[in-house]
Asks: 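My structure is below; once you've seen it, I'll send some questions.
The shown structure was predicted, so the numbers you read here are calculated from the model rather than taken from an experiment.
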Amino acid sequence: GAGVSQSPSNKVTEKGKDVELRCDPISGHTALYWYRQSLGQGLEFLIYFQGNSAPDKSGLPSDRFSAERTGGSVSTLTIQRTQQEDSAVYLCASSTPSTARETQYFGPGTRLLVL
Amino acid sequence: GQNIDQPTEMTATEGAIVQINCTYQTSGFNGLFWYQQHAGEAPTFLSYNVLDGLEEKGRFSSFLSRSKGYSYLLLKELQMKDSASYLCAVRDDNFNKFYFGSGTKLNVKP
């Protein structure tokens, strides 16, 4: 079946503009994660959705960042008034935490460049 | 807070064996994962440990000691295609979050 998909694959924007990044998880996966990865760095947790529960937003770096997940499937990460330090790869992952061994499956990422 | 430590970079020779270490201090633990990430690509799952001991999977093995907060990934018979970053991640008690280390960049030379 299809894996996790993200769009756009690349986004160049001007400082101060808003951007929306989209994630389409694997069908049936109830958990969805957003991460940020700066050049040469590890993954920074941003937000986590699990089923109909309230999302865990503890990793969002500022109130300019928000995310929603509609119908338990597609998720959108919105960055308002982008800053140059927001430039990074934004990775989405999904999983179905029903078994202990279940891992996350990552999408290809959106490369965001803020000029 | 959560702390996952890995060496930043390692170099090894094709055909050799390399061990990548990971130490962790987290408030909860429900599994340790290793991922491989080639430059410009998304991470892909390599291995999972939740009990102490060694898990072997072809050329790759992963070890866990929960009492020491320590894991390693062992890569045997290195190939040039193994040049990548290797990420260590700990899952928390509630299966909710994964905490990632900064990754170890492995350079395999001929």
Side-chain angles (χ1 to χ4, degrees), chain A residues 2-7 9-10 21 23-26 29-51 53-60 88-113, chain B residues 1-9 20 22-24 26-51 55 57 60 62 64 66 73 84-107:
Chain A
V4 178
S5 60
Q6 293 186 244
S7 62
S9 53
N10 292 280
L21 312 180
C23 172
D24 209 331
I26 293 172
H29 279 193
T30 56
L32 187 147
Y33 308 78
W34 282 99
Y35 295 92
R36 178 168 70 174
Q37 188 173 33
S38 300
L39 189 63
Q41 301 297 309
L43 274 65
E44 175 189 3
F45 166 78
L46 296 177
I47 189 169
Y48 163 75
F49 295 90
Q50 170 54 39
S53 302
D56 180 343
K57 304 179 182 180
S58 59
L60 295 178
V89 177
Y90 290 81
L91 289 164
C92 174
S94 71
S95 74
T96 175
S98 58
T99 66
R101 299 188 70 88
E102 189 61 38
T103 183
Q104 303 169 91
Y105 298 87
F106 285 86
T110 293
R111 284 154 186 77
L112 175 66
L113 178 61
Chain B
Q2 321 297 335
N3 202 33
I4 318 279
D5 286 319
Q6 308 178 232
T8 303
E9 192 164 358
I20 302 174
C22 171
T23 58
Y24 64 91
T26 56
S27 54
F29 178 88
N30 202 321
L32 188 139
F33 295 75
W34 285 94
Y35 294 84
Q36 180 188 59
Q37 186 178 28
H38 284 101
E41 297 182 11
T44 55
F45 169 74
L46 282 179
S47 70
Y48 163 80
N49 295 72
V50 69
L51 300 176
E55 291 273 345
K57 204 175 181 182
F60 292 11
S62 57
L64 175 67
R66 289 171 297 170
L73 180 69
S85 287
Y86 291 85
L87 304 172
C88 172
V90 171
R91 184 173 59 188
D92 75 1
D93 285 337
N94 298 318
F95 290 71
N96 285 359
K97 287 183 184 177
F98 290 73
Y99 300 103
F100 281 82
S102 296
T104 299
K105 185 179 178 185
L106 175 65
N107 303 302

Asks: At a heavy-atom separation under 4.5 Å, does B:Q6 approach chain A through its side chain, its backbone, both, or neither?
Replies: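 Neither the backbone nor the side chain of B:Q6 comes within 4.5 Å of chain A.
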Asks: Donor-acceptor check, side chain of A:R111 to backbone of B:G40, threshold 3.5 angstrom: yes or no?
Replies: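 Yes.
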Asks: Give me the atom names and distance for the closest heavy-atom approach of A:Q104 to B:F98.
Replies: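 Closest pair (atom of A:Q104, atom of B:F98, distance): NE2-CG, 3.1 Å.
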Asks: Give, for atom CG of A:D56 and atom CG of B:D92, the distance between the pair rounded to the nearest 0.5 Å.
Replies: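 The distance works out to 8.5 Å.
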Asks: What part of B:Y35 lies closer than 4.5 angstrom to a heavy atom of chain A: side chain, backbone, both or neither?
Replies: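 For B:Y35, side-chain heavy atoms alone lie under 4.5 Å from chain A.
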Asks: About how many Å separate CZ of B:F45 and OG of A:S95, when rounded to the nearest 0.5 Å?
Replies: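 One finds 12.0 Å between OG of A:S95 and CZ of B:F45.
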Asks: Walk me through it: do B:F100 and A:Y35 pass the test ring pair (Phe, Tyr, Trp, His ring centres under 6.0 Å)?
Replies: CA-CA 10 Å; B:F100 281 82; A:Y35 295 92; 5.3 Å; yes
Asks: Check whether A:E44 gets within reach of chain B through its side chain, its backbone, both or neither, counting any heavy atom under 4.5 Å.
Replies: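 The answer is neither part of A:E44.
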Asks: Begin with the C-alpha distance, continue with both residues' side-chain angles, and end with the deciding distance and a verdict on ring pair (Phe, Tyr, Trp, His ring centres under 6.0 Å) for B:Y99 and A:F45.
Replies: CA-CA 7 Å; B:Y99 300 103; A:F45 166 78; 7.3 Å; no
Asks: Identify the heavy atoms of B:A42 and A:F106 that sit nearest to each other, and give their distance.
Replies: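 Between these two residues, the closest heavy atoms are CB-CB, 3.8 Å.
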Asks: Hey, what do you get for CG (B:L87) to CD (A:Q37), rounding to the nearest 0.5 Å?
Replies: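 That separation rounds to 6.5 Å.
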Asks: Go through the atoms of A:L91 and report whether side chain, backbone, both or neither lie under 4.5 Å from a heavy atom of chain B.
Replies: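 Just the side chain, heavy atoms under 4.5 Å.
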Asks: Under a 4.5 Å heavy-atom cut-off, does chain B meet the side chain of A:Y105, its backbone, both or neither?
Replies: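 Neither part; nothing is under 4.5 Å.
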